[in-house]
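Inspection log for the structure reproduced underneath, given as structure tokens.
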Number of protein chains: 2
Amino acid sequence: MSSILKKCNELGLKMTDQRKVIVEVLSNSKDHPDVELVYKRASEIDKNIGIATVYRTIRLFEENKIIEKHEFKDGRFRYEEVPDEHHDHLIDIRNGKVIEFQNDEIENLQKRVAQQLGYELVDHRLELYGIPIKDKK
Amino acid sequence: MSSILKKCNELGLKMTDQRKVIVEVLSNSKDHPDVELVYKRASEIDKNIGIATVYRTIRLFEENKIIEKHEFKDGRFRYEEVPDEHHDHLIDIRNGKVIEFQNDEIENLQKRVAQQLGYELVDHRLELYGIPIKDKK
DNA sequence: TTAACTGCAAACATTTTGCAACCGT
DNA sequence: ACGGTTGCAAAATGTTTGCAGTTAA
């Protein structure tokens, strides 16, 4: 059973056919799809899903911390399952491919910087944008 | 003369009255305003500026790297003059206030992380979200 | 002079909402 | 049974565009 579905059950969400389909799509999408793409993939499974339902469901999942919203510099809002382990993103600017990474040193530095400014760090966003070294001119 | 205006001249942009007003607003805004707010402030100076002109001018400035677009987690796109020295942002989640900071250690770490993943870092985005320590319950 | 710019309104794109029908619990 | 959910279409947002008139260089 998918991790998303598990969280839905824990929250006692009513699991309609449409929601099950959207859960399936999100669980199987490793590419941080946007709403339009989730809608497209869901429609392939169930012709009758409405875009409003996709918007409502994604919002619901986001509010319940089941999925995370990202806005990389391509303008669209994209989503991914909330991971067990926190990670940040490196985006390949040639093709939009997203690579996930973790770095404790950076995490700790961020916490320290916030403290120095008089703040307690409650959230952060770190995105790196790069081009593959081998392609470098 | 404002730094924005200087860049406009260097680029040979035609400086209409409307653009001058928008330049003035952007130069005097230290709070990362969104389009709507720039429009509001510009309207206070010149009643007749259209919102379309504000959109067009902001896009023009952004394309010419005169201003930078940010999307903090409040959903709106906000703008600031391109700074001489690079900095990142800490956002006070109680009130949306933005604090700018610099940290070379983090910058270098980012470069190194990208390299380890096989990428040359060409851009990045780092935002910290926090609450003031003294307000902490 | 004239190519670029402007205001306006219409067009567009994206997201939300009202509502009657429907369905999971 | 019934309160939450759905699809649809309409509305609301946010942004862009076509056009005729205007303006900086």
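A, B, ... follow the sequence lines: proteins, then strands. Residue 1 opens every chain. All values derive from a computational prediction rather than experimental measurement.
Note: Phe72(B) and His70(B) have parallel aromatic rings, judged against thresholds of 30 and 60 degrees for the angle between ring planes.
Counting non-hydrogen atoms under 4.0 angstrom, Tyr39(B) reaches nothing in the nucleic acid. If you check every strand for non-hydrogen atoms under 4.0 Å, Ile49(A) touches sugar and phosphate atoms only.
A straight line from CZ of Arg76(A) to C1' of dT15(D) spans 18 Å, rounded to a whole angstrom. The separation between Leu37(A) atom CG and dT14(C) atom P is 13 Å, rounded to whole Å. We find that NZ of Lys20(A) is positioned 13 Å from C1' of dT5(D), with the value rounded to whole Å. Distance CG (Asp17(B)) to C1' (dC5(C)): 11 Å, rounded to an integer number of Å. Atom CZ of Arg59(B) and atom C1' of dT16(D) are 7 Å apart (whole Å). The distance from atom CD1 of Ile51(B) to atom P of dC5(C) is 19 Å, rounded to the nearest whole Å. Protein atom CZ of Arg19(B) is 5 Å distant from nucleotide atom P of dT6(C), rounded to whole Å. Protein atom CG of Asp46(B) is 12 Å distant from nucleotide atom P of dT23(D), rounded to whole Å.
A sub-4.0 Å separation between OP1 or OP2 of dT15(D) and a side-chain N or O of Tyr55(B) is present. Between Gln18(B) and dT23(D), a side-chain N or O to OP1/OP2 separation shorter than 4.0 Å is absent. Listed pair Arg56(A) / dT5(D) fails the phosphate criterion, with no side-chain N or O lying under 4.0 Å from OP1 or OP2. Residue Thr16(B) has no polar side-chain atom (N or O) positioned under 4.0 Å from OP1 or OP2 of dT23(D).
Side chain to side chain, His32(A) and Glu80(A) meet the donor-acceptor criterion of an N or O pair below 3.5 Å. If you check the side chains of Glu127(A) and His89(A), you find no donor sitting under 3.5 Å from an acceptor.
Nearest approach of Pro132(A) to Tyr119(B), heavy atoms of both residues: N-CD2, 3.4 Å. Across Gln115(B) and Ile133(A), no two heavy atoms sit closer than the pair O-CD1, 4.2 Å.
Taking the nucleotide of DNA chain C with the nearest heavy atom to each of Ala52(B) and Leu13(B), the more 5' of the two is matched to Leu13(B).
Not a single donor-acceptor pair, N or O on each side, falls under 3.5 Å between the base of dA25(D) and the side chain of Lys14(B).
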